[in-house]
Every structure is written in structure tokens, then in C-alpha cells.
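So the structure is just underneath, and the comments pick up after that.
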Amino acid sequence: MSKQKNKMQTLIEILLTSTKLGLTSFGGPVAHLAYFKDEYIDRRKWLDDKTYADIIALCQFLPGPASSQVGISIGMLRGGLLGGLLSWFGFTVPSIIVLILFAVMYQTFALEDASFIHSLKIVAAAVVLHALIGLGKKLTPDKSRLAIAIVAAAIMLLYPSAWMQILIILGAGLLGLKLFKDKAESKVQPFSITISKKLGLTSLGILISLLILLPFLNKLSDNPLLTIFDIFFRVGSLVFGGGHVVLPMIEREIVPAGLLTANEFLAGYGMAQAVPGPLFTFSSYLGTMMEGVAGAIVATIGIFLPSFLFIVAALPFLNELRKRASFQGILMGVNASVVGILLAAFYDPVMNSSIFNATDFALGVILFGLLNIWKVPAWFIVILGVAGGYVLQLLPFS
């Protein structure tokens, strides 16, 4: 009885602590990791610094939102599979609620023509460019990887489609295997885990089965919720590079198909910068715009479910994989292609749908400078962008 009570107390503690972080963690994945360290490691001593660093390394190797996956992993180590679910729930739900409400307001009050919506699109342009430069420095540090990024961008601009994006990622992985395995890190720190390899293989089997079956089931059915789940599950399974890279893949799935307009898409992306928690909750806004609250729930589950399956599948095998030069080489190639995909997305739809004249460009440059040079938090950039848009409208040259 006492053991069950202690387990329940642990789960409640995980939920309350992660909810606190979900309400206060502004600033994107790097900031999230700093908040996690302060709360989980320094204050509560749930893990030591070494184990925390190893978990971060694991999540950098996997598709999906790295900071969310770190939180899920910490929850699993603290309270098992249910602990991981509660950790994700607390960290993610606050921003889900805000973005659902924003989508409802957008539809109810016909906000598409509101001036602050256009300002949010300019904010999105500044944030994507900032993310692009940051990723480029980190993921394309040499000419070979930069060449992969440039070719990926060119292909995506000439042949924009979700399937082309997947082919680019696969091709870049094969190139990485050939070109970069000699650049792999030789000293990789191991860490202990409790999840069995059998459970890991089962989780991987579920992930692969869903990736294969969902497109076929979607073609056989006219259910819009199944369509949403198929789109967001595939995106959550294949997005390398974190939250900002989700932008082009989802856009290619949704906007050309007529499920949302480019304006509706970018307005939500801009708003997502203003809320705490993971950027992948952008899916909650998109799901609401397509099929109401039910769509939001399905889209959110669809995009985050792969993260759970990847974490459970990878933990038992991670120590072996991370030591292999071939595995590290593949990821170097994939990460380089991510930079190119994001560059193509920056041109279309981001710039094409947000920068129409010199006034828009001027506001975008100011916001980008504040982000990139003066390191102003993204949520504050949203406030400044909306305020700046109103001010520029009042000036005689606008």
C-alpha cells in the first residue's frame, strides 16, 4: 500500500512540475533544456548532469521535438511509461489550450484581414530566418554538408511536395553514410536504461506499421479525422531538426491540398511563437482550423505519438547505435538536408506570404536583428511585431 502511495505521489509530482514548466518555458527548445536542467536536475535532483547530457544526446539523434522528448525521457526514468506521458501532458497542454482558443477566435471573428495577423506572418519570417541561420551554423559547418543543403533547397523549390522532401532526407542519409562516417565522434558516453529491448522492438514495430498502413487506410476512407492523423503522424515521424523544421513539411501536406490557406497557416505559426512549451503544438491550431476541437486532439496526438514510440524504441539500443560511425554519418547527411528544406520554406511560403513591400521588409529586418543580435526572446518578438505593425501603418510612407 505504501509502495502504491509513493508511486502515486511521484506521478503527481511529475505532473505538477511539468505543468509549471509548461506555463513558464518560453524561448524555444534551447531555452526549454535550460529550464529542465534548473528544475529537474539542479532543484529536484531527479537525475545527475551526466545522465541529463546523455538524454539530450539521444533526443538529438531522433526525429521529432527534442525538448519534448527530453521531458518525456525524464518522466519515464522517474515514473515509468505513465511518468513519461504525464511529463509530456503537463509541459504541452498549456500551449495547446492557447492555440486552440486562438484558432476558434480566428474563425469566429474573421481575423484573417486583421492587421495583427499580417504582423504575425512577418514575425514568422524573422523567426524562421533566425532558426535557419542557427541550424546552418550547427549542421552545415563544412562545404560538403553545405552543398547537400543547397541542393536540397533547390530541389524543394523546383519540385515542392511532401514525398520529395522524404526522398531528399533519405538521399541525404545515404550520402552521409558515404561521406561523413570518418568524421564521427569516437568517444560516446554510455548510460543505463530500464526499458527492455523487447518493448523497444514492439514500439518500433508499431511506428513502422502505422507509417505503412495509415496512407492506405486514409485512401480507403473519407474520414477527415483519419486524414489529419495520417498527415501529422507522418510529419512527427520524419521531421529532423526540431520545431521550425516542421513548418515546411506540414505546409506541403496542408496548403496545396486546400485544407488551409497560406495566410491561415502562417498566422498560427506566428502565434505559436508567443506561447510557452513546444512549437509542435502548432498542430493543435491547425487541427482546430480544419476540424474543430476534435481535429486539434487528433492532430496533437498524431504529431507527438511518434516521439513516444521513438523514445521507447531507441532507449534500449541507443548505447550501441551511438558508437557506430555509420549511424552518425547518416545523421550528419540528414541534418544537412534539413537546413536546405528550411531554406526553401523560408522563400515559399514564409516570405511570399508575409513580405509584400518595403514597410514589411523593414519590420522584418528589425525583428530579425532583435532576435539574432540582441537575443530578444521569441515571445517578446511577437509582442513587438504586432505593436510595430500598428505603428508603421500610421506612418505616412506605409
Side-chain angles (χ1 to χ4, degrees), residues 21-32 64-68 88 91-107 111-112 114 116-132 134 228 231-232 235-236 239 241-251 253-255 259-290 293 295-297 299-300 302-304 307 342 345-346 349-350 353-354 364 367 371 376-386 389:
L21 289 165
L23 291 167
T24 57
S25 296
F26 292 91
V30 175
H32 297 163
S67 60
S68 294
W88 169 83
F91 182 61
T92 309
V93 163
S95 58
I96 289 174
I97 293 171
V98 173
L99 288 168
I100 289 175
L101 291 175
F102 176 70
V104 171
M105 289 178 61
Y106 189 103
Q107 293 174 319
L111 295 181
E112 184 164 349
F116 82 90
I117 295 296
H118 183 61
S119 296
L120 286 176
K121 296 175 198 171
I122 298 174
V123 168
V127 170
V128 171
L129 181 57
H130 174 64
L132 175 61
I228 291 172
I231 290 171
F232 284 90
V235 168
V239 169
H244 294 291
V245 184
V246 80
L247 172 74
M249 182 169 268
I250 295 184
E251 190 274 338
E253 295 274 2
I254 289 176
V255 175
L259 298 173
L260 256 72
T261 67
N263 286 339
E264 291 169 338
F265 184 86
L266 280 176
Y269 188 77
M271 186 62 187
Q273 312 301 321
V275 299
L279 189 57
F280 270 52
T281 53
F282 177 39
S283 60
S284 305
Y285 164 86
L286 296 173
T288 306
M289 293 293 288
M290 288 187 280
V293 175
I297 294 170
T300 306
I303 204 166
F304 280 103
S307 291
L342 189 57
F346 176 68
V350 177
S353 301
S354 59
L367 296 176
L371 263 173
V376 175
W379 63 268
F380 193 57
I381 290 294
V382 175
I383 297 173
L384 293 176
V386 172

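- Note: Q273 CD to I383 CD1 = 13.0 Å, rounded to the nearest 0.5 Å.
- The CG atom of L367 sits 11.5 Å away from atom CG of L129, with the distance rounded to the nearest 0.5 Å.
- Using modelled atom types, no side-chain atom of H32 and backbone atom of S68 make a donor-acceptor pair closer than 3.5 Å.
- Counting only heavy atoms from C-beta outward, the side chains of L286 and L260 approach each other to under 4.5 Å.
- Ring orientation note: the planes of Y285 and Y106 are nearly perpendicular, at an angle over 60° on the 30°/60° scale.
- Between F282 and F265, the ring center distance clears the sub-6.0 Å criterion.
- L259 and M290 get closest at one heavy-atom pair: CB-SD, 3.7 Å.
- No side-chain heavy atom of F102 sits under 4.5 Å from any side-chain heavy atom of V275.
- Once rounded to the nearest 0.5 Å, the distance linking CD1 of I254 with OG of S283 reads 9.0 Å.
- Minimum heavy-atom separation, V123 to G385: CG2-CA, 3.9 Å.
- The two atoms that bring F304 and P65 nearest to each other are CE2-CG, 4.0 Å, heavy atoms only.
- In this structure S95 satisfies the side chain to side chain donor-acceptor pair (under 3.5 Å) test together with T281, sequence neighbours excluded.
- Rounding to the nearest 0.5 Å places CH2 of W88 at 10.0 Å from OG of S307.
- In terms of heavy atoms, N263 sits closest to K121 at OD1-NZ, 2.7 Å.
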Could you go through the side-chain contact (heavy atoms from CB on, under 4.5 Å) check for T300 and F232 one step at a time?
CA-CA 8 Å; T300 306; F232 284 90; over 6 Å; no
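- Considering CD1 of I250 and CD1 of I303, their distance stands at 4.0 Å, rounded to 0.5 Å.
- The closest side-chain heavy-atom distance from H130 to I381 is not below 4.5 Å.
- Shown here for L23 and P276, the closest heavy-atom pair between the two residues is O-CG, 3.8 Å.
- The ring pair (Phe, Tyr, Trp, His ring centres under 6.0 Å) test applied to F346 returns no partner, not counting sequence neighbours.
- How far CD1 of I97 is from OG1 of T92: 11.0 Å, rounded to the nearest 0.5 Å.
- S284 and I96 make their closest contact through OG-CG1, 3.4 Å (heavy atoms, listed as atom of the first residue, atom of the second, distance).
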